[in-house]
Amino acid sequence: MAAAENLGTFRDTVRALLDIRTWVALDMDEDGRVLAAHDDLGSLQLVEIAPDGSTTALTNLPSRCQGRYVPGRRQVLVEHDTGGDEKWQISLLDLSARRDAPAGLDDLTPVVSDADHMNVLHDVTKTSLIYSTNRRNEVDMDIVVRDLDSGDETVLFDDGGYVALTSVSHDESSVAVTALSLQPHGTVVSLAGPLGSGALTDPEEHAQHSVSGWALGDAGLVVASDHERDFRAVHHLALDGTFRILVEADDHDLDVKLSRDGTSMVVCHHVDGLDTFAVHESDGAHRVDVDLPPVVPVSIRWAPDGSRFVLTAMTPTDPGSILSVDARTGAVTHLVDGRAVLPDDLRDRLVTPTVHRVPTADGEQVPCFRYPGAAGSSVAGASVVHLHGGPEAEAARIFSPVMQALALTGFDVLVPNVRGSAGYGKRWVSLDDLELRLDSVADLGAIHDWLPTLGLDPARSSLWGGSYGGYMVLAGVAMQPQRWAAGVDIVGISSLVTFLENTSGYRRAYREREYGFLDRHHDFLVKASPITYLDDMVAPLFVIHGANDPRVPLSEAEQIKAALDAKGVDCELRVYHDEGHGLAKRANRLDAYPDAIAFLVKHLHKVVEP
């Protein structure tokens, strides 16, 4: 094998890719310091970047964490869970205290300590912490304001539902709440406080609104929304519920991040999994383009005075650079160069995907990214269809160690946004709702039919996916058994019925809105469940699951493993007892993913006749 990896040593390449440090910017303080996180210690831990570019490691906790600065104080509020259980706790880290090593759990001061419930940090002001919690009834997320000095708490919002975002008004009297509605792809914006109370948007509208912040003078909100349109635009939402478009595009989605002072906003133009950026005044005027090629915006965080923002930018060949952007000029300064950590022998070999549209039998076009495989290996001509989670999410053109490892091993990697994916307008994201679920599974068949046009062997194609992508893997090998030669299922759903019966209470209603309600759609949920087609399943499976998964219970993996074992189908199950919904720890990724790729090599390599 000349140009490609020698399969006897491909594990070294996989491990090198998984060892690459990833960064994300979390906040910026008044003095220009950036609170960030990277995974050098095995999971995402807090790091501070000084204005001169020097870095200081802040935490070394047993599990991943994230955080926010407390304005005006040398303190950070840290959000952390245990073993991936997503029961977030909130603690205080005093940055003025001298330490010889990054802070452990014993160095944190508990602020919200309630290990039986989910407590999510939403916002921080000079005096208060704003967080959501499901402690009242295990299901609904209430919004609580906690005084940082006295510890006094006020429940500001308890209208029920799953809260996704909050935004505090400039006078700190009121909070805008973005919560999931019971409409697929739907959210509702509500107000709590003197500036307004109750729903500001129609809970029955089939629309998704995302509040970015309060407009100047607290006279309204700046939101990204597909209200009465297919693609998301930037709107001003008045306190009487009236929408007014500030920035729009007719053929792609926009997102927006408003500065904390409400004077400026960065508008993200999203096309085929990458974004370009422009800075506008808060009324939508005076556009300044950001001097940056298209990237994936992992995070955007504004400086308190609105003079600049920090952007975590990722591409397929950049694991995450942190950039400082001048809001007046659009000029970009690198704070962290993500490509600097790439090993020399890998930097120039990483694969940039091409963009395609896959035709379907009913006339649709499925967006798809192709990472061509390295030539010359025994798996050349074989392919892996990599499926994103969600389902109302998308595959962006990110840096993925797994996709790169598969491509360098010799597999062609195809990354589709099947119908039901976000990023391509309201119509496309709605094409798999409820009884349309199996239309998205049918898209897998269209992709398989398309393989020969790329010169790929349809007899040696496999599926790989996590969460909802894991469901799609299982659905593909179960409902299209003659098409797929193998599958890798990560925290996937094998039965929509048992999944809905056993998932966490705070998630069930919002998963039912997408998949179907147990009391109304039971027969269809059975029809759409992979395990229903167990007798047809013949493809070997590699299954990965976290024992603490609060979203897709471990039982979903255990029941498919038991069923395939009984049939004599090759099925390997890896359970990680310190993980939740996916693998957050590098050690576990290093254990699971090289073996998963080796599993596909074993089943998809081309046998050369002597």
Side-chain angles (χ1 to χ4, degrees), residues 182-186 206 360-364 366 385 387-393 416-421 427-449 463 465-484 487 489-503 507-539 541 543 545 551-564 566-567 569 571:
L182 291 180
Q183 298 297 318
H185 180 66
H206 182 211
T360 68
D362 60 354
E364 297 289 351
V366 179
V385 179
L387 300 158
H388 68 74
E392 294 175 333
N417 278 299
V418 297
R419 66 190 78 193
S421 300
R427 187 192 76 88
W428 189 252
V429 80
S430 303
L431 288 180
D432 71 340
D433 292 346
L434 299 172
E435 286 93 341
L436 299 177
R437 175 72 35 215
L438 296 182
D439 290 350
S440 66
V441 178
D443 285 345
L444 299 181
I447 294 165
H448 190 272
D449 292 341
L463 300 170
S467 190
Y468 179 74
Y471 161 80
M472 290 289 282
V473 169
L474 295 176
V477 300
M479 300 176 195
Q480 302 164 358
Q482 302 309 312
R483 293 181 182 270
W484 306 107
D489 157 35
I490 304 169
V491 296
I493 302 165
S494 57
S495 167
L496 290 171
V497 174
T498 57
F499 160 69
L500 291 171
E501 289 173 342
N502 297 321
T503 191
R507 294 185 57 83
R508 175 174 162 178
Y510 303 100
R511 294 298 86 196
E512 284 187 313
R513 73 176 192 164
E514 175 73 20
Y515 299 130
F517 291 83
L518 283 169
D519 59 351
R520 283 180 273 157
H521 303 97
H522 185 274
D523 290 347
F524 176 74
L525 291 169
V526 171
K527 179 181 178 182
S529 293
I531 205 165
T532 300
Y533 306 89
L534 177 66
D535 290 344
D536 298 326
M537 294 178 69
V538 294
L541 281 178
V543 183
H545 219 102
R551 306 187 189 192
V552 179
L554 175 59
S555 54
E556 291 298 305
E558 291 173 332
Q559 65 189 9
I560 201 71
K561 164 67 171 171
L564 292 181
K567 281 193 64 180
V569 174
C571 181

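Computed from a prediction, not measured in an experiment: that's the story for all the values here.
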Taking all heavy atoms of Arg551 and all of Phe499, pick out the closest pair and write down the distance. O-CE1, 3.2 Å
CG on Leu182 to CZ on Phe517, rounded to 0.5 Å: 5.5 Å
Decide side-chain contact (heavy atoms from CB on, under 4.5 Å) for Val441 and Gln480; before the verdict, give the C-alpha distance in whole Å, the side-chain angles of both, and the deciding distance to 0.1 Å. CA-CA 9 Å; Val441 178; Gln480 302 164 358; 4.0 Å; yes
Assign the ring pair Tyr471 / Tyr515 to parallel, tilted or perpendicular, where the plane angle (0 to 90°) is split at 30° and 60°. tilted
Note, Ser555 side chain near Thr498 side chain (heavy atom, < 4.5 Å): no
Measuring from Asp443:CG to Thr360:OG1, what's the distance to the nearest 0.5 Å? 6.0 Å
Closest heavy-atom pair, Ala528 versus Leu496, reported as atoms and distance to 0.1 Å, is CB-CD1, 3.7 Å
Is any NZ, NE, NH1 or NH2 atom of the basic residue among Glu364 and Arg427 found under 4.0 Å from an Asp or Glu carboxylate oxygen of the other? yes
Taken to the nearest 0.5 Å, the spacing of Ile531 CD1 from Leu564 CG works out to 8.0 Å
Working for side-chain contact (heavy atoms from CB on, under 4.5 Å), residues Val385 and Val473: CA-CA 9 Å; Val385 179; Val473 169; over 6 Å; no
Residues two or more places apart in sequence or in another chain: which of them pass ring-ring contact (aromatic ring centres under 6.0 Å, His included) with His388? none
From the list Asp432, Asp362, Asp439, side chain to side chain donor-acceptor pair (under 3.5 Å) partner of Arg419 resolves to Asp362
Least distance between heavy atoms, Pro530 atom then Ser494 atom: CD-O, 3.2 Å
All heavy atoms of Leu518 vs all of Glu512, minimum pair found to be N-OE2, 3.0 Å
Checking Asp449 against Arg483 for the side-chain contact (heavy atoms from CB on, under 4.5 Å) test, could you report, in this order, the C-alpha distance in whole Å, the side-chain angles of both residues, the deciding distance, and whether it holds? CA-CA 9 Å; Asp449 292 341; Arg483 293 181 182 270; 2.7 Å; yes
Measure across Leu387 and Pro416 and return the closest heavy-atom pair with its distance rounded to 0.1 Å. CD2-CG, 3.8 Å
For the side chain of Lys567 and the backbone of Met537, is there at least one donor-acceptor N/O pair under 3.5 Å apart? yes
NE2-CD1 distance between His545 and Ile490, expressed to the nearest 0.5 angstrom: 11.0 Å
Atom pair CZ/CG of Arg511 and Leu500 - distance to nearest 0.5 Å: 9.5 Å
If you take all heavy atoms of Val418 and Ser421, which pair is closest and at what distance? O-OG, 2.6 Å
Should Trp484 and Val538 count as side-chain neighbours, where that means a heavy-atom distance under 4.5 Å? no
Tell me, please, which residues at least two apart from Asp535 pass salt bridge (Lys or Arg N to Asp or Glu O under 4.0 Å). none
Is there a side-chain contact between Arg437 and Pro391 (heavy atoms, below 4.5 Å)? yes
Roughly how far apart are Asp489 CG and Leu541 CG, rounded to 0.5 Å? 6.5 Å
Does the pair Leu444 and Met479 meet the rule for a side-chain contact (heavy atoms from CB on, under 4.5 Å), with working shown? CA-CA 10 Å; Leu444 299 181; Met479 300 176 195; over 6 Å; no
Test Gln559 against Ser495 for side chain to side chain donor-acceptor pair (under 3.5 Å), laying out the working first. CA-CA 9 Å; Gln559 65 189 9; Ser495 167; 4.7 Å; no
Side chain to side chain, Val526 and Val497, heavy atoms closer than 4.5 Å: yes
